[in-house]
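Per chain, numbering begins at 1; letters A, B, ... match sequence-line order.
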Number of protein chains: 2
Amino acid sequence: MAQDTKTNLLDIAETAARSRGFDGFSYADLAEAAGIRKASIHYHFATKAVLSAALMDRYHASVEQVCADIEATHQSAADRLAALATFYRNALGGGETLCLCVAFTISRDSLVDEVKDKIVAFRSMMTRWITALFELGKQDGTISTTSTPEAEAHATLATLEGAHLAAHAEHDLAAFDKATKLLLAR
Amino acid sequence: MAQDTKTNLLDIAETAARSRGFDGFSYADLAEAAGIRKASIHYHFATKAVLSAALMDRYHASVEQVCADIEATHQSAADRLAALATFYRNALGGGETLCLCVAFTISRDSLVDEVKDKIVAFRSMMTRWITALFELGKQDGTISTTSTPEAEAHATLATLEGAHLAAHAEHDLAAFDKATKLLLAR
DNA sequence: GTCTATACTGCGATAGAC
DNA sequence: GTCTATCGCAGTATAGAC
């Protein structure tokens, strides 16, 4: 049951962090949502820095798995790109939750160096995966590209994250769709 | 001299907010940077909510003016788009400062409704301006578009803001250039 | 593993002297 | 307009009982 509490805390903290940023949630918030006292959280995560690192680790692994699943279930580059956009769209929670990487990026100065590095590592992993996607697109001809796969990948990641921001700002999924419409029309 | 202090405080607060978000700076930070006591700040801005509203108002007006200046000094749509990207690039402060609208979006839940509305209004203003830019691009043929001007505008704003995030995450202007390379190559 | 109790720090905000 | 002083609250973190 100890492990369940820890996972439960990670779930609650992830939602909170992705909704309000690293500075926007406290141990008191987590305690209330988890139904335990805030002092008890320190048993599972000694400091908030430790918690933030655990969040990024789990998020990185989780998204990496999603990418692997997309590869396994979608053959063409166009299908994979569409699946990636759908994943980002579903990750929004109706405009409530951003990508953890985006949420942490704004709170940058409150994070320990270790976590900042994890953000960069996450971005690097995503860029590499999307680059490979566009390389496939060049081969199978299902995506019309105008530049190198790497340039397309950086632009795609920026657009997806910017679309997340738009939906969060407007609190409306439609903003995400408007911003990504172009991405999917090729 | 009173007005100077107020403007000075706005300048300091804007940099702080764009670097670390709304939750990431305090009256104590501003006081130290301005060389006065934190209690004195309340004379100029009674509450932090009032300060945040003033910041958004000034930012909105300032960016709107930049857009007007771009129209006055750049004739073709392609030139105007390039000038807009350059403005965003310069606004980065080497990866330190985001667009205020982006920085506030993540701190959404700490903001009063009035300021949330100002964020939406700012985004609406920008989208309208960029839409007009792409409408011109259709006429003068200096930008190759693949969709409606409005869809292009939403995608462009998302990409610019996403590129800002990328540069902030990596603390490197090169990340902005990589993400916007595609935008400018058309 | 979770609790109560508490230490310490920093926050936004206010009162009132100058 | 700016100051000192202080309030009340919330933040992370720790000690020690159970």
>> Return whichever of A:D29 or A:A39 has its heavy-atom-nearest nucleotide of DNA chain D closer to the 5' end.
In response: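 With A:D29 and A:A39 compared, the 5'-side residue is A:D29.
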
>> Rounded to whole Å, please give me the gap between CZ in A:R37 and C1' in D:dG16.
In response: 17 Å

> Do any side-chain nitrogens or oxygens of A:S26 fall under 4.0 Å of OP1 or OP2 in D:dG11?
Replying inline: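 Yes, within the criterion.
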
>> We want to know whether B:E71 and B:W129 form a side-chain donor-acceptor pair, criterion being a heavy-atom distance below 3.5 angstrom.
In response: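 B:W129 and B:E71 do have a side-chain donor-acceptor pair below 3.5 Å.
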
>> Show, in sequence, the C-alpha distance, side-chain angles and deciding distance for A:H171 and A:E96, and conclude whether the side chain to side chain donor-acceptor pair (under 3.5 Å) test is met.
In response: CA-CA 7 Å; A:H171 219 264; A:E96 200 57 54; 2.9 Å; yes

>> Less than 4.0 angstrom from a charged side-chain N to a carboxylate O is my criterion; do A:K48 and A:D23 meet it?
In response: no

> Quick one: is A:H44 getting a side-chain N or O under 4.0 Å of the C:dT2 phosphate, OP1 or OP2?
Replying inline: yes

>> What is the distance, to the nearest angstrom, from the CD1 atom on A:I41 to the C1' atom on D:dG11?
In response: 13 Å

> Rounded to the Å, how far apart are B:E32 CD and D:dT2 P?
Replying inline: 17 Å

> In whole angstroms, how far is the C1' atom of D:dC7 from the NZ atom of B:K38?
Replying inline: 11 Å

>> Between P on D:dA13 and OH on A:Y43, what's the gap in Å once rounded to a whole number?
In response: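 So the OH-P distance, A:Y43 to D:dA13, works out to 18 Å.
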
> Once you round it to whole Å, what is the distance between P of D:dA10 and CZ of A:F25?
Replying inline: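 Answer to the nearest Å: 18 Å.
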
> So, is A:T5 near the phosphate of C:dT2, with a side-chain N or O under 4.0 Å from OP1 or OP2?
Replying inline: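 Answer yes for this pair, as a side-chain N or O of A:T5 is under 4.0 Å from OP1 or OP2.
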
>> Before you tell me yes or no, could you show the steps for B:F122 and B:K118 under side-chain contact (heavy atoms from CB on, under 4.5 Å), namely the whole-Å CA-CA distance, both residues' side-chain angles and the distance that decides it to 0.1 Å?
In response: CA-CA 6 Å; B:F122 175 84; B:K118 287 185 195 295; over 6 Å; no

> Base, sugar-phosphate alone, or nothing: which one does B:F45 contact when heavy atoms must sit under 4.0 Å apart?
Replying inline: nothing

>> Rounded to whole Å, how long is the line connecting atom NE2 of B:H42 with atom P of D:dA5?
In response: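 Taking NE2 of B:H42 and P of D:dA5, I get 17 Å after rounding.
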
> Which whole-number value in Å describes the distance from B:Y27 OH to D:dG8 P?
Replying inline: 21 Å

> Do the rings of A:Y27 and A:H42 sit parallel, tilted or perpendicular, given the 30° and 60° boundaries?
Replying inline: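 Taking A:H42 first and then A:Y27, their aromatic rings sit tilted (interplane angle of 30° to 60°).
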
> Between C:dC3 and A:S40, is there an OP1 or OP2 to side-chain N/O distance shorter than 4.0 Å?
Replying inline: yes

